[in-house]
Every structure is written in C-alpha cells, then in structure tokens.
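Some notes on the structure that comes next.
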Amino acid sequence: MLYMVSLKSSNKLANAPVEVIEKLRKGIAGALSEGHLKSACVKVGGGMVLIVDSPSNQHLTQELRKHHITDAEVVPLVPLVAFLDAHIEFKKTGKHEV
C-alpha cells in the first residue's frame, strides 16, 4: 500500500557533517532503487514528502520508528486508476467492491 509521509522542516541538514548527508543520500537512493520508496521530494519553503510502498500500517510504523521519525503526517494513498475503476463499477452496478 502506498503512503504519503510528510515531514516538517527541521534544519538538521544545515548543521550536519557532509558524511551524515552522504549517508542519508545513500540510504534514500537505495530505498528508491529497491522500490520501498517511490518518491522523495523536498517542499519549497521547507519540509519533505516521501511516497512509501509498505505492506502494512504496522510495518510502516516500525520503519518510521527505526529511522527516528516520530512527528510525520502519514496519509494512505489509493492509485488513481483503482479509484476511477471503483467509481465506474459503482456507476454501472450500484455496488461497491469489497
């Protein structure tokens, strides 16, 4: 399942040594190449948004805690095509897929 994880700006990178930033970059790049992380973006004005593919809410919570992320806003996402398919099905049959 996909989740949007939104993090507030913390200015930790401004004072971090280059080695810490390189380690973070390597970890993000690895998660992107493995497919666990679908997208990682910074917001203009501060903060970060991650699109994460996680098998469950529990797994995502454990991963966030493992990385010491405790103040994120997490929103489950539904792929747009699946959302549209559900609307088409309802309009055609009057029934929701379960």
Side-chain angles (χ1 to χ4, degrees):
M1 184 165 185
L2 296 176
Y3 298 88
M4 178 179 66
V5 179
S6 183
L7 304 162
K8 294 179 182 175
S9 179
S10 65
N11 279 337
K12 289 181 181 176
L13 289 179
N15 297 319
V18 71
E19 296 82 14
V20 171
I21 299 170
E22 288 173 336
K23 182 179 177 183
L24 176 62
R25 188 201 178 288
K26 184 177 179 182
I28 296 287
L32 284 165
S33 68
E34 292 170 3
H36 305 299
L37 190 58
K38 298 298 184 183
S39 182
C41 301
V42 293
K43 295 189 260 184
V44 174
M48 186 184 325
V49 174
L50 308 172
I51 304 299
V52 180
D53 191 0
S54 182
S56 68
N57 293 340
Q58 180 181 4
H59 183 263
L60 177 62
T61 300
Q62 291 169 345
E63 286 296 307
L64 291 174
R65 286 185 182 157
K66 181 171 94 176
H67 296 288
H68 308 289
I69 299 172
T70 58
D71 60 346
E73 177 185 357
V74 178
V75 178
L77 300 175
V78 176
L80 181 56
V81 171
F83 177 77
L84 295 174
D85 286 345
H87 275 285
I88 291 167
E89 181 69 20
F90 178 73
K91 296 233 179 230
K92 286 181 175 180
T93 67
K95 297 179 183 177
H96 290 285
E97 273 294 313
V98 178

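Each of L32, I51, D53 was checked for a side-chain contact (heavy atoms from CB on, under 4.5 Å) with L37, and the lone residue meeting it is L32.
Once rounded to the nearest 0.5 Å, the distance linking CD of Q62 with OG of S56 reads 7.0 Å. In this structure, CG in D85 is found 9.5 Å from CG in L80, a value given to the nearest 0.5 Å.
Summarising the geometry of V78 relative to A82, their closest heavy-atom pair is CG1-CB, 4.2 Å, with the distance given to 0.1 Å. When all heavy atoms of G30 and S33 are compared, the closest pair comes out as O-OG, 3.0 Å. Shown here for L60 and Y3, the closest heavy-atom pair between the two residues is CD2-CG, 3.5 Å.
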Under 3.5 Å, side-chain donor or acceptor atoms of residues 16-23 against the rest of the protein: list the pairs with distances, not counting sequence neighbours.
none

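Looking at S9, its side chain never comes within 3.5 Å of a backbone N or O of G46 through a donor-acceptor pair.
Each of M48 and M4 belongs to its own hydrophobic cluster when Ile, Leu, Val, Met, Phe, Trp and Tyr are linked at side-chain heavy-atom distances under 4.5 angstrom. Cluster annotation: I69 is connected to L13 through the hydrophobic network of ILVMFWY side chains, with a link wherever side-chain heavy atoms come within less than 4.5 Å. L84 and M1 fall into different hydrophobic clusters, defined by Ile, Leu, Val, Met, Phe, Trp and Tyr side-chain heavy atoms under 4.5 Å apart, directly or through other members. Criterion: ILVMFWY side-chain heavy atoms under 4.5 Å apart, direct or through other members. Under it, V52 and V49 are not part of a common hydrophobic cluster. Criterion: ILVMFWY side-chain heavy atoms under 4.5 Å apart, direct or through other members. Under it, L2 and V75 are part of a common hydrophobic cluster.
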